[in-house]
2 protein chains.
Amino acid sequence: MIIRIEPDSDIPIYEQISNQIVEGIARGLIQPGDSLPSVRAFAADLGINMHTVNKSYHLLEKKGIITIVPKSGAIISSPLDFNEISFGRLKAVYKPLIAESLVVGMSKEQIHELISSIIQDIKKRN
Amino acid sequence: MIIRIEPDSDIPIYEQISNQIVEGIARGLIQPGDSLPSVRAFAADLGINMHTVNKSYHLLEKKGIITIVPKSGAIISSPLDFNEISFGRLKAVYKPLIAESLVVGMSKEQIHELISSIIQDIKKRN
DNA sequence: AATCTGTTCTACTTTATCTAGAACAATAGT
DNA sequence: ACTATTGTTCTAGATAAAGTAGAACAGATT
């Protein structure tokens, strides 16, 4: 699984990392039970600082996507049958995005089409 | 139209403002052609600094949602028949969100249901 | 025993966010 | 014409976030 960092992006590095790990899980490149590289090894690989990777992992843990076992490693969690906490948090993030989509001129159907194409995009390309 | 600022939010004030304006447009509380309050009046009303409101307006202009007429005011743009630039930008923002939704255990159908409920939520409550 | 693990601590630089005040030139209202 | 208001631009300062850097610790792995 290849992670690409864009240093000049407006998205913080630690978010870029966690986003791409999430995408990797969604694509099936990494599976629940798999362990992520150590923060030191990963940082050396990416050419960035250890603490930045550490921050990524803790963000993923906060979102319930991985479990960090102290002095051992980070393991990808199994998706809960349904995570109510994540549901509420995600809804709050979707809202402004959807409002903007509507304002910019997208119809309800066009939004659904965009969502579908992104899902297909994620599930297809391996 | 009432704007609520949460100073302790992790979302910057200028983003909170532009988000709520976008939502207001999506709800029909404000319409294309309407003008926004002056940065000074709005800032005084919200109890924040002029420059923070100014930043919000420029963010909205960058997104193509309003037009700022120098020395005059900020006017809400008409939605273009279809804005290709916004389309690409929005897709990039949707992607990590959808990936996270999938990883957390949501099905394709559940994501669409969530989107639908948010759209209904926006279009209904006036 | 030696290495590797995540954790924790201090320290520093750079950038982002927010506030503050002043000045300018163009617009709008009277 | 006069006046107030407009967005713009500038300097300035405070606080927080982001990223890097190095060191040390204690538990886990080999």
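Letters A, B, ... mirror the listed sequences (proteins, then strands); counts begin at 1.
Each end of the helix from dA1(C)-dT30(D) to dT30(C)-dA1(D) yields a helix axis from five base pairs, and these two axes differ in direction by 40° (to the nearest 10 degrees).
Within a 6.0 Å sphere centred on NZ of Lys91(A), heavy atoms belonging to other residues, nucleotides or ligands number more than 12.
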Sugar-phosphate atoms are those with a prime plus P, OP1 and OP2; base atoms are the rest. Using that split, label each nucleotide of nucleotides 4-14 of chain C B, S or - for protein heavy atoms under 4.0 Å, 5' to 3'.
-> -BBBBB-----
side-chain hydrogen bond (donor to acceptor under 3.5 Å, both in side chains) between Thr67(B) and Ser77(B), intermediate numbers included = CA-CA 6 Å; Thr67(B) 305; Ser77(B) 306; 3.1 Å; yes
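Remark: Lys55(B) is in phosphate contact with dT17(C), judged by side-chain N or O atoms under 4.0 Å from OP1 or OP2. An OP1 or OP2 oxygen of dT17(C) is reached within less than 4.0 angstrom by no side-chain nitrogen or oxygen of Thr52(B).
Scanning residues 2-23 of chain B for heavy-atom distances under 4.0 Å to DNA chain D yields an empty list.
In this view, Lys63(B) and Glu100(A) satisfy the salt bridge (charged side-chain N to carboxylate O under 4.0 Å, His left out) rule, not counting sequence neighbours. The side chain to side chain donor-acceptor pair (under 3.5 Å) search around Ser116(B) returns His112(A), not counting sequence neighbours. Annotation: salt bridge (charged side-chain N to carboxylate O under 4.0 Å, His left out) contacts of Arg40(B) (sequence neighbours excluded): none.
Nearest heavy atoms, Ser101(B) versus Ile111(B): CB-CD1, 3.8 Å.
Within the 3.5 Å criterion, the main-chain N or O of Ile11(A) finds a donor-acceptor partner in the side chain of Gln16(A).
Side-chain atoms of Ile17(A) and Leu46(A), non-hydrogen and from C-beta on, do get closer than 4.5 Å to each other. Considering only heavy atoms from C-beta on, Ile48(A) stays 4.5 Å or farther from Tyr14(A) through its side chain.
The cluster map of Ile, Leu, Val, Met, Phe, Trp and Tyr, joined by side-chain heavy atoms under 4.5 Å apart, puts Leu59(B) and Ile30(B) in different clusters.
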